[in-house]
Structures are given as C-alpha cells and as structure tokens.
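Structure first, commentary second.
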Amino acid sequence: AQSVAQPEDQVNVAEGNPLTVKCTYSVSGNPYLFWYVQYPNRGLQFLLKYITGDNLVKGSYGFEAEFNKSQTSFHLKKPSALVSDSALYFCAVSHTGTASKLTFGTGTRLQVTL
Amino acid sequence: DAGVIQSPRHEVTEMGQEVTLRCKPISGHNSLFWYRQTMMRGLELLIYFNNNVPIDDSGMPEDRFSAKMPNASFSTLKIQPSEPRDSAVYFCASSLSQGQPQHFGDGTRLSIL
C-alpha cells in the first residue's frame, strides 16, 4: 500500500517570505514523488518530481523539494513567495511496482498575502 | 502544444440519465487516467489505461461506471444511470509512460440533480 499525508490544510505566508508545504509518504520500495498545483477551475499542473538522484529537486516557477528518506518526507519549498503562488498544492506518490498509479494527498491551500 | 482536452466542461442532468464524459489525451502519450475530485473524498483514481488497455479499474465505484479507450486519441467515462452522489469534477490525465508526470485536463464539472 502507498499513502501520502499533507498535515496542513492551509499555509499562510507573506509575499517575499520563504514558504514550505509539508508532505510525508509511505510506500514499500523506492518512491516516486511528485508535486502538483491546482488553480481554481483548472486541472492539476505538474511542478516537480523525484525518482532518483539528488535529494534536492528543482521545478517550475522557482519551487524546489527535498527528498528525505529517513524522515519519509518530500517538503515543497520556495525561497520567496509571490501572491500568484496562492493555490492548492498536492503531493503524490507511487513506487517502482506501481509507477503509474499515483496516490494523492488531500492538498494544502497556500495563501500568500501582501 | 495542445494539452489534454476534456468535454464537456460542465454537465447538468437529472438523476437516472446517462452521462458520457470525453477525453483526448496528449498525442504520443501511452497512459491515460480518469480521476474524480470532491470536497469530501479529495482526488480519487478511477481507472487507468496503458496503450489503450485498462490496467487497473479498482477505483471505479460501481457497475454504473464504465470507461473505454477505443484508440490512442480518445477515451470515454460513462455513468448509467447517474445519481446525485456522482456530482463531482472528473479529470482526465495522460502521461508519456509509466512513472512520468501526468498532464491533466481542466475537468468536467458534473452536477446530477
């Protein structure tokens, strides 16, 4: 079985400040980890992924995420938040045995204010 | 490049009616996925296809739901008969191959009265 936890329903941050959106996972085997963003009335958009290699993954729009195997975490980060980053963020996991079958977290709403 | 195209964007119908949702994946993508999103249950995978063949339909809630992929460029999700609890946003996604990022359409917002 595979699962993802996003412990925060909402994260509030001021524009210009760093942001972190948390994600922990549980899989058997090596994980494939993804972050997606969803804007209102739109589908999910891919931000970044970790399959193997460097633990720090850089993605679209200045976002990055750090894979931590010992803590089974894959937190999303950005050094300086923008108001336009306000959206719903989803972490997702699969593994080498079920590479296509993603399990999504419940989502974290990011609110960036001036 | 055209992304994943879903139609219709909105559908309102009365319970008991047949509903057909349509999806055109990105050209060259081998995997296609149908998801359902609701406030209560979040994002759920209903079924996915590899090379037009259904691989896992364990997420299909009931026999009232069926999905087909007659060719590489078209898929349908059908609900017959529809019920109010089927109201949700239904997303189609495609990916180049297993393990690659999925690209989502903008969804069909379905309301069953």
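The sequence lines fix the lettering, A, B, ..., with proteins before strands; numbering per chain opens at 1.
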With a 4.5 angstrom heavy-atom cut-off, is it the side chain or the backbone of B:Gln6 that approaches chain A, or both, or neither? neither
At a heavy-atom separation under 4.5 Å, does A:Leu48 approach chain B through its side chain, its backbone, both, or neither? neither
Between B:Pro101, B:Gly107, B:Ser95, B:Gly42, which has the largest tally of heavy atom pairs under 4.5 Å with chain A? B:Pro101
Quick one: do the A:Gln6 and A:Thr106 side chains pair a donor with an acceptor below 3.5 Å? no
Ring centres under 6.0 angstrom apart (A:Phe63, A:Tyr89): yes
Check step by step if ring-ring contact (aromatic ring centres under 6.0 Å, His included) holds for A:Phe90 and A:Tyr36. CA-CA 5 Å; A:Phe90 290 93; A:Tyr36 288 82; 8.5 Å; no
Sort B:Arg41 into side chain, backbone, both or neither according to what part of it lies under 4.5 angstrom from a heavy atom of chain A. neither
When the 4.5 angstrom heavy-atom criterion is applied to B:Thr108 and chain A, the contacting part is neither
Using the rule that two of Ile, Leu, Val, Met, Phe, Trp, Tyr join whenever any of their side-chain heavy atoms come within less than 4.5 Å, decide whether B:Phe104 and B:Tyr90 are in one cluster. no
Taking only heavy atoms into account, what residues of residues 19-33 of chain B are found under 4.5 Å from chain A? B:Ser31, B:Phe33
Determine, for B:Arg64 against B:Glu83, whether the closest basic-nitrogen to carboxylate-oxygen distance falls under 4.0 angstrom. yes
Judged by modelled atom types alone, do B:Gln102 and B:Tyr35 share a side-chain donor-acceptor pair under 3.5 Å? yes
When the 4.5 angstrom heavy-atom criterion is applied to A:Gln45 and chain B, the contacting part is neither
Less than 3.5 Å apart, any donor N or O on the side chain of B:Gln80 or B:Gln17 sitting next to an acceptor on the other? no
May I ask you to check whether over 12 heavy atoms, not counting those of A:Arg42, lie within 6.0 Å of atom CZ? no
Do other residues, nucleotides or ligands put more than 12 heavy atoms under 6.0 Å from the CD atom of A:Gln10? yes
